[in-house]
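Only one structure is covered here, and it is reproduced in the block below.
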Amino acid sequence: SPDGSFLEQWNNLGSPWGLCYVAGEEAIYMGDGKYGRILKLDLHGEVLGTLGSYGKAPGRLDYVHSLAVDPADGSIYTAEVSTARIQKWIRR
């Protein structure tokens, strides 16, 4: 809240290693380090969609640690711990 009071918590979403709020979508993107995926959440913690799956090959995610969303075109950038790489995901 604006005064710093606790509002709520969300459980059972995997392992949130990175979050990115996108104001134009009123959504939060979460890098799930446990299951190697990206979750798109509404502002109440409901899953709106998922992207990716676990793996070391290009287009797969291995311990995604951080992410960012480009508000201009919606591209998602992920940073991974295990593979020491950055990937760019283009939404079509």
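- The backbone N or O of Y77 sits nowhere less than 3.5 Å from a side-chain atom of Q87 that would complete a donor-acceptor pair.
- Side-chain N or O atoms of D32 include one that pairs as donor or acceptor with a backbone N or O of S15 at under 3.5 Å.
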Contacts under 3.5 angstrom, residues 47-55 side chains, donor-acceptor by atom type, not counting sequence neighbours:
{"from": "S53", "atom 1": "OG", "to": "R60", "atom 2": "NH1", "distance (Å)": "3.2"}
{"from": "Y54", "atom 1": "OH", "to": "D62", "atom 2": "OD1", "distance (Å)": "3.3"}

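- Residues W89 and L67 fail the side-chain proximity criterion, which asks for heavy atoms closer than 4.5 Å.
- For N12, the CG atom is loosely surrounded, since the number of other residues' heavy atoms within 6.0 Å does not exceed 12.
- Annotation: K34, atom NZ; neighbour count of heavy atoms from other residues, nucleotides and ligands within 6.0 Å does not exceed 12.
- The stretch residues 7-17 participates, sequence neighbours left out, in no salt bridge (charged side-chain N to carboxylate O under 4.0 Å, His left out) pair at all.
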Handout entry: Test log, rule side chain to side chain contact (heavy atoms under 4.5 Å, CB included), inputs Y29 and I76
Key = CA-CA 9 Å; Y29 287 79; I76 301 170; 3.8 Å; yes
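- Sorted by first then second residue, the salt bridge (charged side-chain N to carboxylate O under 4.0 Å, His left out) pairs that include residues 39-49, not counting sequence neighbours, are E25-K40.
- With rounding to the nearest 0.5 angstrom, the OG1 atom of T78 is 8.5 Å from the CD1 atom of I86.
- Legend: residues meeting ring pair (Phe, Tyr, Trp, His ring centres under 6.0 Å) with Y63, ordered by chain and number and at least two apart, are W17.
- With sequence neighbours left out, the side-chain contact (heavy atoms from CB on, under 4.5 Å) criterion links Y21 to A23, E26, I28, L43.
- For residues 66-80, the salt bridge (charged side-chain N to carboxylate O under 4.0 Å, His left out) pairs, not counting sequence neighbours, are E80-R85.
- A pairwise comparison of heavy atoms in I90 and S75 identifies CG1-OG, 4.3 Å as the closest pair.
- A pairwise comparison of heavy atoms in V81 and H65 identifies CG2-CB, 3.4 Å as the closest pair.
- The shortest distance between side-chain heavy atoms of M30 and L41 falls below 4.5 Å.
- Smallest separation of non-hydrogen atoms from A68 and C20: CA-SG, 4.1 Å.
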